[in-house]
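Scroll down for the structure; my scribbles are underneath it.
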There are 2 protein chains.
Amino acid sequence: MAELPLPELDPLSDRAVFRQIADHVREAIERGALHEGDKIPSEAQLMQHYGVARMTIRNALQVLQSEGLTVAEHGRGVFVRSRPPVRRLASDRFARRHRERGKAAFIVETEEAGGKPSVDSIKVSEAAAPSDVAERLELAGGEHVIVRSRRYLINGQPVETAVSYLPSSIAQGTQIEQPDSGPGGIYARLEELGFRLDRFVEEIRSRMPFREEVRALKLAPGVPVFHLIRTAYAADGRPVEVCDTVMSSDAYVLSYELPAR
Amino acid sequence: MAELPLPELDPLSDRAVFRQIADHVREAIERGALHEGDKIPSEAQLMQHYGVARMTIRNALQVLQSEGLTVAEHGRGVFVRSRPPVRRLASDRFARRHRERGKAAFIVETEEAGGKPSVDSIKVSEAAAPSDVAERLELAGGEHVIVRSRRYLINGQPVETAVSYLPSSIAQGTQIEQPDSGPGGIYARLEELGFRLDRFVEEIRSRMPFREEVRALKLAPGVPVFHLIRTAYAADGRPVEVCDTVMSSDAYVLSYELPAR
DNA sequence: AAGGCAAACTCCTCTAGTCGAGTAGGTGTG
DNA sequence: CACACCTACTCGACTAGAGGAGTTTGCCTT
């Protein structure tokens, strides 16, 4: 507490006390008086400093937490949140020249950035296509799809979950149905099957994560997710895959190139 | 209350009471028992139903609010949040054929979707380039830029703020310095000045809004924003504009096309 | 020196109230 | 009939406690 001089409350302000306290701590973080990982004063210390009830302090801390500025650790304290290394997704990441190197894009990129990539929770099944997937794959009602779901991690930290849907008429009986889809991933397999990939369309949304997503991605409170739906089209214009991925928003910067023509 | 049957608490569960209550209400919303704009039971009603203290109910409601599922209105009640109409940004939105129609992309798109577009808070100034902008514009240190900031609204609802930066060496003395940048917007002006636009690069981040952004975009609590930085390149490869925009994430779906070649 | 244990400290959940301020609806007066 | 006012109901802010559970630290035993 001695090390962190916080202002006093302004009794004339009509700004709520808990907001004033949140403002003070936020400013301390923003001006660099508190760094990533630093512990902020405990609830008891803040109570004493401001002379208010504990719930008021907790309300203030709650504000910061929902802004994603801090994380509370039970029994340890409240800390300034540190951000994971950011992964930049370039718009050429699915270029064939990358795919032909025989490794999936995720592995290559992560290793190049000096991280240890891994993939877990791989599950493959077959089911009727959900309606939004059926629509994107231009499937008739009730047609089945192969569903591949998995989770991507960097240095053991989960950063992304992905679920791919491929028409059973294409993928059934191929290596795509195996947990290990082989070198270059499912896009390489699709090309081997004669579906020369032409283009991808990605739709991006941003929202707060659901509870399962918070768990699967070990998200800090107040961190939104990117929800990205990619549809892969073969050279004849036929959609051959839909990939539904959820990414921790503070682990990613997405980058795209648009033509002006 | 009578109309909305909520389950009882599970006394054996080790899930916190306020989380169980939040779960109940969330499920009611998700299964459609409560629709957009519906009022959820008041704090007093929920207290009675569950037999818990008011703070516990408030904690539960806080969870839903921070998930963006509900909004509280002082003196009226807590309501299921209704989402504004979504604007889809297609990857060809800056194609020259659109620009040549003489209207800015935003106006055309919004009118086509049956909305009333408007732009306000237009401010133009000149200043030293911030370092990240200078980097993207490949400017030498200290070089000046023309700064154009504005806010976009649909049916009077703010959906996006944008700040454009153009090198003073290009834009000074042109209509770009006027609040009304003329038909087709600044991209049309740049082409008239001989900078044939070639491509754009967009970087997309997602995060929780700052306080000023909550105000400017009238954001509901718990709604993240897209932070998009677009750099426009002329045919000779020279960057000619950086546009920094913040968009309400529930008013937008971004869409991009990627080549597979 | 190593290991076990207890105390101190941390945040988490919850109770039971107070006062305040915004909203909506009904009632009574002009 | 129109308007002002009152009242009941809503959420917002805050107080002042309780017991619980996870973490750290240092002391004491072995």
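To find a chain, count down the sequence lines: A is the first, B the second, and so on, and within it residues start at 1.
Close approach of DNA chain D to chain B, defined as any atom under 4.0 Å from a non-hydrogen atom of the protein, starts and stops at D/dT10 to D/dC14.
A/Tyr256 is linked by a ring pair (Phe, Tyr, Trp, His ring centres under 6.0 Å) to B/Tyr256, counting only residues two or more places apart in sequence or in another chain. Applying the side chain to side chain contact (heavy atoms under 4.5 Å, CB included) test to B/Glu126 and every residue at least two apart in sequence or in another chain returns B/His144, B/Ile146, B/Ser168, B/Gln172, B/Glu177. Applying the side chain to side chain contact (heavy atoms under 4.5 Å, CB included) criterion to A/Pro179, with sequence neighbours excluded, gives A/Ile122. Annotation: side chain to side chain contact (heavy atoms under 4.5 Å, CB included) contacts of A/Ala60 (sequence neighbours excluded): A/Phe18, A/Ile21, A/Ala22. With sequence neighbours excluded, the residues forming a side-chain hydrogen bond (donor to acceptor under 3.5 Å, both in side chains) with B/Arg150 are B/Tyr152, B/Ser164, listed by chain and number. Listed by chain and number, the residues in a salt bridge (Lys or Arg N to Asp or Glu O under 4.0 Å) with B/Glu160 are B/Arg87 (sequence neighbours excluded). Remark: A/Ser181 engages A/Arg148, A/Ile186 in a side chain to side chain contact (heavy atoms under 4.5 Å, CB included) (not counting sequence neighbours).
Within residues 19-28 of chain A, the residues that place at least one heavy atom under 4.0 Å from DNA chain D are, in residue-number order, A/Arg19.
Counting only heavy atoms from C-beta outward, the side chains of A/Gln20 and A/Ser13 approach each other to under 4.5 Å.
Counting to the nearest Å, the P atom of C/dG17 and the CD1 atom of B/Ile57 are 16 Å from each other. C/dG17 atom C1' lies 13 Å from atom CE of A/Met55, rounded to whole Å. We find that CZ of A/Arg58 is positioned 11 Å from P of C/dC14, with the value rounded to whole Å. Between the CG atom of A/Leu61 and the P atom of C/dC11 there is a distance of 8 Å, given to the nearest Å. As a whole-Å value, the separation of B/Arg15 CZ from C/dC12 P is 15 Å. Here C/dT23 presents its P atom at 11 Å from CZ of B/Phe79, a figure rounded to the nearest Å.
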Identify the pairs formed between an N or O of the protein and an N or O of nucleotides 4-10 of chain C at a distance under 3.5 Å, and give each distance.
from   : atom 1 : to      : atom 2 : distance (Å)
C/dT10 : OP1    : A/Ser42 : OG     : 3.4

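The pair A/Glu213-A/Arg207 meets the salt-bridge criterion, with a side-chain N (NZ, NE, NH1 or NH2) lying under 4.0 Å from an Asp/Glu carboxylate O.
When the nearest nucleotides of DNA chain C are assigned to A/Arg54 and B/Val52 by heavy-atom distance, the more 5′-ward of the two goes with A/Arg54.
Within the structure, ring-ring contact (aromatic ring centres under 6.0 Å, His included) pairs that include any residue of residues 20-43 of chain B comprise B/His24-B/Tyr50 (at least two apart or interchain). Within the structure, the salt bridge (charged side-chain N to carboxylate O under 4.0 Å, His left out) test picks out the following pairs touching residues 8-19 of chain A (sequence neighbours left out): A/Arg15-A/Asp23.
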